[in-house]
Amino acid sequence: MQKLKSINTSNVMGVLKACLLAIVSTLIGIVIFAIILKFTDLSSGVIDYINDIIKAISIFVMVLFIKKWTDGNLLIKSIIGGLLYSVLSFVIFSILNGGFSFNMSIVYDLLFSLISAMIVAVIFNIIGRKNV
């Protein structure tokens, strides 16, 4: 019989905590941006780009803490974290918006989260190899 690898609960909790931290940082970033937006006049295209920047910064924070709080394959955990971040942010912002609406922007947000998490994980792996 082949032995199955047991799931390390500290790694699972580390990814979950990092994901929740990224969600909180996204919420804080959006509140700060909303306050700035109240006093300025920006077009909707600029607002979309700034929201993407806020998400990218939050995903960077998430992968940074996944690297700090877990051990093992950072790329796989970052992909899982990016998927979890995307799903949780969709649920939370849908609740805040007053309803769930399913469209292609959900797919784009999911892909953006996954690709951003992968890129940050690869960069951290490259930097980690050079510092050793």
Side-chain angles (χ1 to χ4, degrees):
M1 255 204 223
Q2 192 178 19
K3 285 187 175 182
L4 297 175
K5 287 187 176 181
S6 64
I7 297 175
N8 188 348
T9 56
S10 66
N11 284 337
V12 172
M13 290 305 293
V15 171
L16 185 61
K17 286 191 310 187
C19 183
L20 292 175
L21 182 67
I23 295 287
V24 169
S25 67
T26 301
L27 289 170
I28 291 170
I30 288 178
V31 167
I32 291 170
F33 180 57
I35 292 169
I36 293 170
L37 193 60
K38 185 169 178 94
F39 300 112
T40 60
D41 185 30
L42 296 175
S43 67
S44 63
V46 173
I47 293 171
D48 291 338
Y49 287 125
I50 293 175
N51 282 335
D52 287 341
I53 290 170
I54 292 170
K55 285 182 212 171
I57 291 169
S58 298
I59 290 171
F60 176 84
V61 168
M62 178 189 70
V63 175
L64 178 70
F65 281 99
I66 287 174
K67 183 178 183 345
K68 183 177 179 180
W69 290 336
T70 65
D71 55 345
N73 194 340
L74 180 63
L75 183 63
I76 299 294
K77 291 175 184 163
S78 297
I79 291 171
I80 292 168
L83 177 66
L84 188 61
Y85 170 83
S86 182
V87 169
L88 284 177
S89 64
F90 169 72
V91 169
I92 289 170
F93 287 111
S94 293
I95 291 170
L96 291 175
N97 206 18
F100 292 89
S101 66
F102 298 98
N103 51 26
M104 282 304 289
S105 68
I106 298 167
V107 176
Y108 297 141
D109 282 343
L110 178 69
L111 290 175
F112 181 81
S113 299
L114 290 176
I115 292 170
S116 297
M118 287 177 12
I119 289 171
V120 173
V122 167
I123 290 171
F124 280 157
N125 279 333
I126 290 171
I127 290 172
R129 286 190 190 131
K130 288 186 179 183
N131 289 338
V132 173

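Numbers here are sequence positions counted from 1.
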Under the side chain to side chain contact (heavy atoms under 4.5 Å, CB included) rule, collect the residues that match up with [X], sequence neighbours excluded.
| X | answer |
| --- | --- |
| Leu84 | Leu16, Cys19, Leu88 |
| Val107 | Met104, Leu111 |
| Ile30 | Thr26, Asn51, Ile54, Phe93 |
| Asn97 | none |

Output the distance between atom CD1 (Ile115) and atom CG (Leu110), rounded to the nearest 0.5 Å.
->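 Result: 9.5 Å between the selected atoms.
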Minimum heavy-atom separation for [X] and [Y], please, with both atom names.
| X | Y | value |
| --- | --- | --- |
| Val63 | Leu74 | O-CD1, 4.2 Å |
| Ile66 | Ser78 | CD1-CA, 4.2 Å |
| Ala18 | Trp69 | N-CZ3, 3.7 Å |

Tell me the side-chain hydrogen bond (donor to acceptor under 3.5 Å, both in side chains) pairs involving residues 11-21, sequence neighbours left out?
->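 Qualifying pairs, neighbours excluded: Asn11-Asp71.
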Please name all residues satisfying side chain to side chain donor-acceptor pair (under 3.5 Å) with Ser105, sequence neighbours left out, ordered by chain then number.
->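 Ser105 satisfies side chain to side chain donor-acceptor pair (under 3.5 Å) with Asn103 once adjacent residues are dropped.
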For Ser89, enumerate each residue passing the side chain to side chain donor-acceptor pair (under 3.5 Å) test, keeping only those at least two apart in sequence or located in another chain.
->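 With neighbours one apart ignored, the set is empty.
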How would you list, by chain and number, every residue that makes a salt bridge (charged side-chain N to carboxylate O under 4.0 Å, His left out) with Asp52, sequence neighbours excluded?
->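 Lys55.
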Could you work out the complete set of other residues in the hydrophobic cluster of Ile57, with links drawn between I, L, V, M, F, W and Y side chains under 4.5 Å apart?
->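 Joined to Ile57, directly or through intermediates: Ile53.
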Salt bridge (charged side-chain N to carboxylate O under 4.0 Å, His left out) contacts in which one or both residues fall within residues 32-49, not counting sequence neighbours =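 Of all non-adjacent pairs touching residues 32-49, none passes salt bridge (charged side-chain N to carboxylate O under 4.0 Å, His left out).
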According to the ring pair (Phe, Tyr, Trp, His ring centres under 6.0 Å) rule, which pairs have a member within residues 10-60, sequence neighbours left out?
->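 Qualifying pairs, neighbours excluded: Phe60-Phe124.
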Compare all side-chain heavy atoms of Leu21 with those of Met62 and state whether any distance is below 4.5 angstrom.
->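 Answer no - side chains too far apart.
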Step by step, would you call Ile50 with Leu37 a side chain to side chain contact (heavy atoms under 4.5 Å, CB included)?
-> CA-CA 11 Å; Ile50 293 175; Leu37 193 60; over 6 Å; no
Contacts of type ring pair (Phe, Tyr, Trp, His ring centres under 6.0 Å), residue Phe102, not counting sequence neighbours |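 Only Phe90 meet the ring pair (Phe, Tyr, Trp, His ring centres under 6.0 Å) criterion with Phe102.
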Test item: Ser94 side-chain N/O and Val91 main-chain N/O as donor-acceptor pair under 3.5 Å |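 No, Ser94 side chain to Val91 backbone: no donor-acceptor pair under 3.5 Å.
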